[in-house]
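Below: the structure, in structure tokens.
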Amino acid sequence: MPSQKIETGHEDVVHDVQMDYYGKRVATASSDHTIKIIGVGNNTSQHLAKLTGHQGPVWQVAWAHPKFGSILASCSYDGHVIIWKEGNQNEWTKAHVFEDHQSSVNSVAWAPHELGLCLACGSSDGNISVFTARPDGGWETSRIDQAHPVGVTSVSWAPSTAPGALVGSGLLDHVQKLCSGGCDNTVKVWKLYNGVWKMDCFPALQMHTDWVRDVAWAPNLGLPKSTIASASQDGKVIIWTVGKEGDKWDGKVLHDFKAAVWRVTWLLTGNILAIADGNNNVTLWKEAVDGEWQQVTTVEP
């Protein structure tokens with residue numbers, strides 16, 4: 001698949017690029033305080049909309065599942081999270097602004113759609129907030145206070161079905177779990193018990209020696225294990241796995257990139273991991289039969 005260059009028109013650094021569910025549009029987040037919506041296809045790109053409303057650099061954007069309509073979330077250094085809604089085509093309005101955090105909000109992630117319209121946000125104030133849409137148009141808020149007291153850098157949701165669960169075995173209880181990374185060099189796993197978020201890994205997952213920059217929970221392929229990838233300022237990507245509920249997470253270094261690693265993203269099939277590192281490389285990695293991770297390709301810029 002040939003690479004496609006997209007001119008975003010941003011006037012400063014682009015921090016995040018997210019493709020929508022259908023692969024027809026990308027949303028970009030920038031230090032110029034704006035978000036751009038760009039249509040892509042057949043080696044062409046078209047500027048569709050510019051969203052203004054943040055008062056600081058925009059760090060991340062996230063598309064909601066299309067079953068909820070055309071909805072985008074964004075988070076910024078200004079401490080705000082904005083929910084944007086598309087009414088008429090390419091006409092976006094602010095549907096809601098969350099001002100619950102005291103400092104930069106660094107990460108936003110929508111829960112699996114089976115859990116409803118539900119957004120997790122991680123902030124430099126050390127807290128994680130979870131906003132769930134109510135049928136009346138309002139939002140419920142739950143929080144994980146001081147999840148990482150020196151700052152939360154990233155949040156990622158677990159798949160809604162437990163590992164190894166057979167889809168054909170009748171009604172499944174949906175699992176509400178997420179993982180987070182922070183400036184305390186740790187990865188933590190959280191689970192919702194009776195409306196209260198509690199830590200679900202003891203102790204915290206600690207193999208990194210510097211800030212955790214990103215965490216990504218792998219899609220569930222029916223395998224009897226859960227998998228999380230974490231990327232750190234220390235140059236390493238670590239793959240964390242656990243078997244059944246209550247077992248201890250096991251960490252394994254995928255690779256030492258010798259430069260800060262910014263982002264880790266699982267492909268939808270869940271067995272290939274894309275890694276963006278401080279050397280301006282994006283590489284794809286796959287787990288071999290023997291459990292070793294191998295680089296399968298470099299994405300050419």
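All values reported here derive from a predicted model rather than from experimental measurement. In this chain, numbering begins with 1 at the start of the sequence shown.
A side-chain donor from one of W59 and S104 sits under 3.5 Å from a side-chain acceptor of the other. Looking at S123 and D125, their side chains do bring a donor and an acceptor atom within 3.5 Å of each other. Under 3.5 Å, the side chains of Q146 and N127 contain a donor-acceptor pair of N or O atoms. One side chain, D200 or Y193, offers a donor N or O that lies under 3.5 Å from an acceptor on the other. Side-chain atoms of T44 and N42 form no donor-acceptor pair, as typed in the model, at a separation below 3.5 Å. Of the N and O atoms on the side chains of Q206 and T186, not one donor lies less than 3.5 Å from an acceptor on the other residue. For R25 and S45, the side-chain atoms include no donor-acceptor pair closer than 3.5 Å. Side-chain N/O atoms of H208 and S230 include a donor and acceptor closer than 3.5 Å. The closest side-chain donor-acceptor pair between H174 and T161, if any, does not fall under 3.5 angstrom. For the residue pair W84/S74, the side-chain donor-acceptor check at 3.5 Å is satisfied.
Salt bridge E245/K177: present, at least one basic N to carboxylate O contact under 4.0 Å. Checked for salt-bridge contact, K36 and E7 miss the test: no charged N lies under 4.0 Å from a carboxylate O.
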Should H80 and F98 be marked as a ring pair (Phe, Tyr, Trp, His ring centres under 6.0 Å) after you check the CA-CA gap, both sets of side-chain angles, and the distance that decides it? CA-CA 6 Å; H80 295 169; F98 295 108; over 10 Å; no

Mind running side chain to side chain donor-acceptor pair (under 3.5 Å) on T52 and H33 for me, showing each step along the way? CA-CA 7 Å; T52 57; H33 303 188; over 6 Å; no

Stepwise, does the side chain to side chain donor-acceptor pair (under 3.5 Å) test hold for S107 with Q60? CA-CA 6 Å; S107 182; Q60 261 189 20; 3.3 Å; yes

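Criterion: ILVMFWY side-chain heavy atoms under 4.5 Å apart, direct or through other members. Under it, I83 and L51 are not part of a common hydrophobic cluster.
Test S154, S124, S180 against H148 for side chain to side chain donor-acceptor pair (under 3.5 Å) and you get one pass: S180.
The aromatic rings of W139 and H96 sit tilted, their planes meeting at an angle between 30° and 60°.
Partners of T141 according to the side-chain contact (heavy atoms from CB on, under 4.5 Å) rule, which considers only residues two or more places apart in sequence or in another chain, are D100, F131, R143.
Screening residues 250-276 for salt bridge (charged side-chain N to carboxylate O under 4.0 Å, His left out), with sequence neighbours left out, gives D16-R263, D214-R263, K236-D256, K252-E292, D256-K258.
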